[in-house]
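These numbers were taken from a predicted model, which means no experiment stands behind them.
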Amino acid sequence: MIGLVVTMLLAMLDNLIVGTAMPTIVGELGGAEHLSWVVTAYILATAASTPIWGKLGDLYGRKGTFLTSIVIFLAGSALSGLSQNMGELIGFRALQGLGAGGLMVGVMSIMGALVPPRDRGKYQGMFAAVMALATVGGPLIGGFLTDHLSWRWTFYINLPLGVVALAVVVVTLKLPKVHNKARIDYLGALLLTSGITALTLITTWGGQDYAWGSKQILGLAALAAATLIAFCYVEQRVQEPMLPLDLFKNLNFTLVSVIGFIVGFVMFGSTVFLPLYQQTVQGASATSSGLLLMPMMFGMLVISLVVGQAVTKTGKYRIYPIIGTIVMTAGMLLLSTMGTDTGSFTSACWMIVLGAGMGFLMQITMLVAQNSVELKDMGVASSTATLFRTIGGSFGVALFGALFNNRVTETMKERLGDAAANGNGKGDPSQLSPAALKALPAPVQDAYHHAVSNGVHTVFLWGAGVAVIAVAAAVFMREVPLRGAGMPAKDGPEDGKDADSSVEAVAI
């Protein structure tokens, strides 16, 4: 468990630490016009490789593929720290993302293989604590390393953590050896990777680098549709599909994938726009950006701990996704009421509500996904759940960003007119930094505060509407007995029988 926890910390901490160092990196390496690709390359590689790592673990053994992903991630980290120009950094970040795709999937699939679902709640608190630690501590650590050592240490810090994780996993992790002669579904992997890459680029570039109706975005949309349709065709005809589509015949697996997508949609959108609102409208310091999300992380951590223990004790879980999706929707609605006069205490309370809703869902979605499949498909189930949450986050940031930018621009025009809405020549009003805002006249600042408040209102109101879909999905979820020590003897594996047989029986 120590090795798994440290590895999850690696996976979640990286982008949060690096983000605070980006201005310094650009100042030293140049190439500001390629700055977005430092993040995009990492996200693309992570998203595209996630389902492949899951399948490789199922076919050839989870321990070996997990260790390989850690080594690749550490190699990418070391090389990123040694980068001498922006091109090298982008390439090495892609390598790092390739390894990162296997970190989270490896942790979750190994967890699924070692710990029965009934007992997994005991360990949920550890992973929730890691998430909270990474979210709060990442920006703070990144700022400290950049200011007192070098931006290169935002990458080098991964090395000692990774070595510890490697050593612990190599020595302590004992899993059955897997002997599988099935051929890798190379065509399926290529089609799925192409489709995911196209979708990720659409959400990254759409409304930012290219207009939504541009030929680049429409071309990517066509590519995504064509490759994913072809992928579904291929997967029905190969011996060992990269992502068995039969998994989606299981109602719980399909519903929990939808819920995971929406959780990612809501969570990533919230973590982008809440600090923006607090820094711009409430006047919070940018250096404390990590601390601004503590109320949400606190709600998530506490509820995740309580729910985990309750699931372990009772073996029942269906009620928690229903409560969680309702509370998450309520949190989004409450956050949509924030205005220019909303105090920090009030916004913190609403963030606790949102965090509590996600606390009911974060680990339960993975638990239900893994409990819905046979043991041999544990890696695919884990990677699919992770992939849906990642893609949901990408779409959330893209859609929320477009809604926010449009609403800010409209409000500025309403209050100041077309000419003044551009911030006296400062460019896109939705992109003003707190420092640039302070240099503008008081009427412009006041208008911008109202514009940001209106933009945040629109974002969270739409988010609440999307969250309602998750409520509906949770209501239709069925209570399937969890495998594990808490099950009655008649539901568990009989003495002398292969455990995989009982897993298959319960899953069916």
Side-chain angles (χ1 to χ4, degrees), residues 128 131-132 135-136 259-284 288-307 319-362 364-365 389 392-393 395-397 399-404 406-408 411 449-475:
M131 182 178 300
T135 303
V136 175
I259 294 173
F261 178 92
I262 295 173
V263 168
F265 191 99
V266 170
M267 182 176 68
F268 284 93
S270 302
T271 54
V272 168
F273 291 98
L274 278 171
L276 175 63
Y277 168 82
Q278 291 182 306
Q279 290 178 36
T280 303
V281 179
Q282 296 181 332
S288 61
S289 57
L291 298 176
L292 298 176
L293 296 174
M294 277 196 71
M296 188 169 71
M297 294 301 112
F298 176 78
M300 188 186 302
L301 173 59
V302 171
I303 296 300
S304 184
L305 282 168
V306 173
V307 170
I319 188 64
Y320 301 117
I322 296 174
I323 296 174
T325 51
I326 292 174
V327 174
M328 181 175 69
T329 304
M332 296 295 281
L333 284 172
L334 289 170
L335 287 168
S336 73
T337 65
M338 295 189 303
T340 56
D341 56 350
T342 303
S344 299
F345 177 78
T346 301
S347 60
C349 291
W350 302 160
M351 289 166 66
I352 290 175
V353 175
L354 178 61
M358 290 192 289
F360 279 103
L361 299 169
M362 290 299 293
I364 289 292
T365 51
R389 190 176 298 175
F395 273 92
V397 171
L399 178 60
F400 286 162
L403 291 170
F404 177 82
N406 290 338
R407 190 70 183 108
V408 168
T411 303
H449 289 161
H450 282 86
V452 170
S453 296
N454 290 345
V456 168
H457 167 77
T458 301
V459 162
F460 285 111
L461 199 59
W462 273 81
V466 173
V468 170
I469 301 173
V471 177
V475 168

Results of side chain to side chain contact (heavy atoms under 4.5 Å, CB included) for [X] - residues two or more places apart only:
X      : result
Ala474 : Ile259, Pro321, Ile322, Thr325
Leu461 : Leu333, Ser336, His457
Val456 : Tyr277, Met338, Phe404, Val452, Phe460

Considering all heavy atoms, the nearest [X]-[Y] contact:
X      : Y      : result
Ala330 : Val353 : C-CG1, 4.4 Å
Val266 : Met332 : CG1-SD, 3.5 Å
Ser453 : Gly339 : OG-C, 3.5 Å
Ala470 : Met328 : CB-CE, 4.4 Å

**Prompt:** Is there any side chain to side chain donor-acceptor pair (under 3.5 Å) pair reaching into residues 341-350, and which pairs are they, with sequence neighbours excluded?
**Reply:** Gln282-Ser347
**Request:** Starting at CE of Met300, measure out to CG of Leu361 and round the result to the nearest 0.5 Å.
**Result:** 9.5 Å
**Message:** Going by side chain to side chain donor-acceptor pair (under 3.5 Å), name the residues that satisfy it together with Thr329, two or more places apart in sequence or in a different chain.
**Reply:** none
**Request:** Apply the test side chain to side chain contact (heavy atoms under 4.5 Å, CB included) to residues Leu274 and Leu335: give CA-CA distance (whole Å), side-chain angles for both, the deciding distance (0.1 Å), then the verdict.
**Result:** CA-CA 9 Å; Leu274 278 171; Leu335 287 168; 4.0 Å; yes
**Asked** Can you list the residues that meet the ring-ring contact (aromatic ring centres under 6.0 Å, His included) rule with Phe360, with sequence neighbours excluded?
**Response** none
**Asn454 side chain near Val408 side chain, heavy-atom distance below 4.5 Å** = no
